[in-house]
Amino acid sequence: DHDDHDHAGHDPHIWLDPSLMIDVVPAIAEALSAADPGNAATYAANALNVIADMNALKPEISGILTQQTRPILALHDSLGYYEIAFPAVQVLAIPESDGSNNSLDDAALLEQLIADKKPACAMIEPFAENAGLSVLSERNGVPLASMDVMGRDFDMGADRYRNMMINLATTIAACGK
């Protein structure tokens, strides 16, 4: 369900690029420290650990994605930052779509993308309306793969972001073979 966020012509999914997240972490640590000065040292130390983890994550994901050769199709235009961060990934999507409107125009565009670009698979989101993409994929022989770019399927904790990002890379790599 995408009713809870509106893209309004921009891609808010910056968390899909670990380099951009590195830029965000200090601001989060500063905001937490301002709200809770007694734990400022903990927030600063945690921020350094997160930045180190992010720096290690990007090359790890790039290594997973080295085999990606065919584009993937996504109903939701959410992977722009991911595609920039990991150039091995080619994403076909309806520009400026938030995935919530499966109009006939969108269906025609998706059908044309499938015919022209021959995607390796179609990525569906577990909490989005995917019926239209599922039908088009089946009709055109394009396998479906599930991507959870929100991390909803992962346990809370220090490894949640990493697990979500590695899972996304593994899913894309597997479908691109």
**Q.** Val24 with Leu20, same ILVMFWY side-chain cluster at under 4.5 Å
**A.** yes
Q) Are the side chains of Lys58 and Asp17 in touch, meaning some heavy atoms are under 4.5 Å apart? A) yes
(Q) Minimum heavy-atom separation for Ala173 and Leu65, please, with both atom names. (A) N-CD2, 4.2 Å
Q) In Å, rounded to the nearest 0.5 Å, how long is the span from CG of Leu16 to CG of Leu168? A) 6.5 Å
Q | Heavy-atom closest pair, residues Ser78 and Met147 | A | OG-CE, 4.0 Å
Q: Evaluate the side-chain proximity of Phe86 to Thr66: yes if any heavy-atom separation is below 4.5 Å, no if none is.
A: no
Q) If you look at every heavy atom in Thr171 and Ser146, which pair is closest and at what distance? A) CG2-O, 3.5 Å
Q | Euclidean distance, Ile172 CD1 relative to Gln90 CD, rounded to 0.5 Å | A | 12.0 Å
Q) So how far is it from Leu92 CG to Leu113 CG, rounded to the nearest 0.5 Å? A) 5.5 Å
(Q) In the structure I gave you, are the side-chain heavy atoms of Lys118 and Val142 within less than 4.5 Å of one another anywhere? (A) no
Q | Residue pair Pro87 / Ala85: nearest heavy atoms and the distance that separates them | A | CD-O, 3.4 Å
(Q) Nearest 0.5 angstrom please: Met21 CE to Asn55 CG, how far? (A) 13.0 Å
(Q) By the salt bridge (Lys or Arg N to Asp or Glu O under 4.0 Å) test, which pairs, at least two apart or in different chains, include something from residues 19-48? (A) none
(Q) Contact between Val89 and Leu79 at the side-chain level, heavy atoms closer than 4.5 Å - yes or no? (A) no
Q: Working to the nearest 0.5 Å, report the span between CD1 of Ile124 and CG of Leu144.
A: 5.0 Å
Q: Return the minimal non-hydrogen interatomic distance between Tyr161 and Trp15, and the atom names on each side.
A: OH-O, 2.5 Å
Q.
Keeping Asp148 on the side-chain end and Arg152 on the backbone end, is there a donor-acceptor pair under 3.5 Å?
A. yes
**Q.** Pairwise side-chain contact, Arg70 with Pro119, heavy-atom cut-off 4.5 Å (strictly under)
**A.** no
Q.
Take a 6.0 Å sphere around CD of Glu138 and say whether it holds more than 12 heavy atoms from other residues, nucleotides or ligands.
A. no
Q.
Testing the basics here: between Met165 and Ile61, what is the closest heavy-atom pair and its distance to 0.1 Å?
A. CB-CD1, 3.7 Å
Q. Would a 4.5 Å heavy-atom cut-off, applied to side chains only, mark Asn39 and Leu32 as touching?
A. no
Q | Separation between CG of Asp53 and CD of Glu60, rounded to the nearest 0.5 Å | A | 10.5 Å
(Q) Run the side chain to side chain contact (heavy atoms under 4.5 Å, CB included) test on Glu111 and Arg139 for me, step by step, so that the C-alpha distance in whole Å, both residues' side-chain angles and the decisive distance to 0.1 Å come before the verdict. (A) CA-CA 10 Å; Glu111 189 110 52; Arg139 182 169 52 210; 2.8 Å; yes
**Q.** Same cluster (ILVMFWY, side-chain, under 4.5 Å), Tyr43 and Ile28
**A.** yes
Q) Counting N and O atoms only, with roles assigned by atom type, does the side chain of Arg162 sit under 3.5 Å from a partner on the main chain of Leu57, one being a donor and the other an acceptor? A) no
Q. Leu73 and Met123: side chain to side chain contact (heavy atoms under 4.5 Å, CB included), yes or no, with the steps?
A. CA-CA 6 Å; Leu73 179 65; Met123 304 297 284; over 6 Å; no
